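Report on the following structure.
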Amino acid sequence: RQALEEMRALYERNQADVSEAKSGRTDLIFLIRFRHCCLLRNQRCILAYLYDRLLRIRALRWEYGSVLPNTIQFHMSAEEVEWFNRYKKSLATYMRSVGGEEGLDLTQDIKPPKSLYIEVRCLRDYGEFEIDDGTTILLKKNSQHFLPRWKCEQLIRQGVLEHILL
């Protein structure tokens, strides 16, 4: 905001000096050019800041999934939330188009897993949970299970399960 206010003030002063320079005051040309360079520098800085913020918001989709915690969403502008939602939909469309009928969830294994199964502890009552082979597991608070990593990563992110490290 401070940079935008500075840019607005520089622009207004340049506008006034340009009208005077047109009337014959050539000594103002260097000052006009200097202010214009300041405007361009501030514009580059603002664009770099906004692009960095955009990259961070995109990374949030990969880290937290399709639903952002309220504490993070509170610090985002309405335009940033809208951009996040459009990116989320675009990514979901792409993931459905790749990988057959069910699609391919690219957000599952950001880092390659060391093992395909992990031991997890249930932190709260969740109910029945079905694995690909048709087995149904009852996830009750404090119960421990040995499950496929890719099936339970989303529940770990949601705080339903906790990965038990040996």
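Everything quoted here is computed from the prediction, not taken from an experiment.
Between atom CD1 of residue Ile57 and atom CZ of residue Arg53 there is a gap of 5.5 Å, rounded to the nearest 0.5 Å. Glu82 contributes atom CD, which lies 5.0 Å from atom CZ of Arg86 (distance to the nearest 0.5 angstrom). From Glu80, atom CD reaches atom CD of Gln73 across 11.0 Å, with rounding to the nearest 0.5 Å. Taking CH2 of Trp83 as the start and CZ of Arg61 as the end, the distance is 11.5 Å to the nearest 0.5 Å. Interatomic distance, CG of Leu28 versus CZ of Arg33, reported as 12.5 Å (0.5 Å rounding). Atom CZ of Phe74 sits about 10.5 Å away from atom CG of Asn70, to the nearest 0.5 Å.
When all heavy atoms of Gly134 and Glu130 are compared, the closest pair comes out as CA-OE2, 3.9 Å. Taking both residues in full, the closest heavy atoms of Lys88 and Ser66 are given as CD-O, 3.2 Å, listed atom of the first, atom of the second, then distance. When all heavy atoms of Gln144 and Glu119 are compared, the pair lying nearest together is OE1-OE2, 3.1 Å. For the residue pair Asn42 and Ala3, the shortest heavy atom distance occurs at ND2-O, 4.1 Å. Glu63 and Arg157 get closest at one heavy-atom pair: O-CD, 3.4 Å.
By the rule that hydrophobic residues join a cluster once side-chain heavy atoms approach within less than 4.5 Å of another member, Tyr64 and Leu161 end up as members of separate clusters. Both Leu139 and Ile156 are assigned to one and the same hydrophobic cluster, defined by single-linkage of ILVMFWY side chains at heavy-atom distances under 4.5 Å. Criterion: ILVMFWY side-chain heavy atoms under 4.5 Å apart, direct or through other members. Under it, Leu50 and Leu54 are not part of a common hydrophobic cluster. At a threshold of 4.5 Å between side-chain heavy atoms, the hydrophobic network of Ile, Leu, Val, Met, Phe, Trp and Tyr places Leu40 and Leu10 in two separate groups. The same ILVMFWY cluster, assembled from side-chain heavy atoms under 4.5 Å apart, contains both Leu68 and Leu55.
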Next on the checklist: Run Ser143 and His145 through side-chain contact (heavy atoms from CB on, under 4.5 Å) and show every step you take.
Outcome noted: CA-CA 7 Å; Ser143 61; His145 307 279; 3.0 Å; yes
Next on the checklist: Pair Leu4, Arg1 - check side-chain contact (heavy atoms from CB on, under 4.5 Å), show working.
Outcome noted: CA-CA 5 Å; Leu4 286 175; Arg1 289 186 183 137; 5.5 Å; no
Checklist entry - Yes or no on side-chain contact (heavy atoms from CB on, under 4.5 Å) for Arg56 and Leu60, after CA distance, side-chain angles and deciding distance? => result CA-CA 6 Å; Arg56 290 172 191 255; Leu60 290 174; 5.8 Å; no
Next on the checklist: Working note: Arg58 + Tyr87, criterion side-chain contact (heavy atoms from CB on, under 4.5 Å); need CA distance, chi angles, decisive distance, verdict.
Outcome noted: CA-CA 7 Å; Arg58 185 176 68 180; Tyr87 179 72; 3.2 Å; yes
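A salt bridge between Asp17 and Arg13 is absent, with no side-chain N of the basic residue lying under 4.0 Å from a carboxylate O of the acidic one.
Not a single donor-acceptor pair under 3.5 Å links the side chain of Asp52 to the backbone N or O of Ala48. For Glu5 (side chain) and Gln2 (main-chain N/O), no donor-acceptor pair under 3.5 Å exists by modelled atom type. Between the side chain of Asn14 and the backbone N or O of Ile32 there is at least one donor-acceptor pair closer than 3.5 Å.
Leu147 pairs with exactly one of Ile118, Ile137, Leu116 by the side-chain contact (heavy atoms from CB on, under 4.5 Å) rule, that one being Ile137. The only option from Leu138, Leu155, Thr135, Val160 that meets the side-chain contact (heavy atoms from CB on, under 4.5 Å) definition with Phe129 turns out to be Leu155.
Taking the side chain as every heavy atom from C-beta outward, Phe84 and Met76 approach each other to under 4.5 Å. Using a 4.5 Å cut-off on side-chain heavy atoms (C-beta onward), Leu39 and Gln43 make no contact. Within the 4.5 Å cutoff, side-chain heavy atoms of Met7 are placed close to those of Ile46.
Other residues, nucleotides and ligands contribute over 12 non-hydrogen atoms within 6.0 Å of the NE2 atom of His163.
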